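A short write-up of the structure that comes next.
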Amino acid sequence: MLGAIIGDIVGSVYEFNNHRAKTFDPFFHARAFYTDDTVCTIAVADALINKRPPAEALKDWGRRYWHNGGWGGMFGEWLQSDDASPYGSFGNGAAMRISPAGLLAETVEQVTALSQAATEVTHNHPEGLKGAEATALAIFLARQRLAPAEIRSTITERFGYDLDRTVDDIRPTYRFNETCQQTVPQALVCALTATDFEDAIRNAISIGGDSDTVAAIAGGVAEALFGIPDRIAERGWGYLPADMRAVLERLYRQG
Ligand SMILES: [Mg+2]
């Protein structure tokens with residue numbers, strides 16, 4: 001989960017100013033900040049850990065950190081309205097916030113159940129549910145120490161995503177896209193072909209597109225695959241306010 005948050009922070013300055021290369025320094029840009037991806041990830045963790053209805057937790061955290069901005073149009077409207085019914089979204093927000101489900105699940109069935117519970121309150125389109133579940137399952141399988149190639153074949157078999165491309169294959173033609181279908185497979189390739197955590201985030205930034213979200217999805221999976229080097233983890237923790245840190249600490253005690 002910290003991996004997703006770090007991906008969001010590193011990607012924050014490139015979302016509307018893509019940097020299509022793996023070389024950028026420093027790793028945390030001076031103007032980097034956490035965005036809606038982090039706020040929603042914290043909300044999902046809070047919901048799953050504390051058995052809060054996910055819609056309530058998302059609205060609570062989203063309104064508390066409304067000023068952080070970057071909200072998707074329909075999601076922003078949903079956050080501000082009193083109506084809690086889902087709106088059929090297949091936006092990549094479903095996948096960028098789901099890492100807590102992959103970390104807390106103890107079985108594949110639980111991955112499905114937790115992912116569905118956190119997703120169906122907004123992203124109840126089949127592609128939204130699929131994008132979230134595929135991301136959570138990749139994290140769960142990485143925790144079970146499956147090799148990246150096995151994770152790739154399992155996800156492809158189960159969800160039909162094409163994960164056979166490389167980052168270099170994806171980069172030349174990839175464009176900004178906020179759907180699960182055009183974000184999740186690309187982000188998974190960035191993590192599953194990486195050599196370590198930092199390399200996965202650099203892969204994610206290098207393809208362009210919705211950089212904070214691509215990197216958040218890749219970062220959650222990369223954390224489960226490789227762990228996060230202490231120096232990077234410490235920087236990530238340092239961005240978070242106390243109420244977010246408390247949720248993250250509780251998740252790691254439980255997960
Ligand atoms: Mg964002």
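Since we're looking at a predicted model, the values are computed, not measured. Whatever order the structure lists them in is the order used to number ligands and atoms, beginning at 1.
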Taking 2.8 Å as the cut-off, does [X] contribute an N, O or S atom near the Mg ion (ligand 1), distance below it?
X   : answer
D36 : yes
T35 : yes
D37 : yes

For the pair [X] and [Y], find out whether any cationic side-chain nitrogen is under 4.0 Å from an anionic carboxylate oxygen.
X    : Y    : value
E133 : K130 : no
R202 : D199 : no
R250 : D46  : no

Looking at D212, the N/O/S atom that lies nearest to the Mg ion (ligand 1) is called OD2
Partner of T183 under side-chain contact (heavy atoms from CB on, under 4.5 Å), chosen from N92, T135, L188: N92
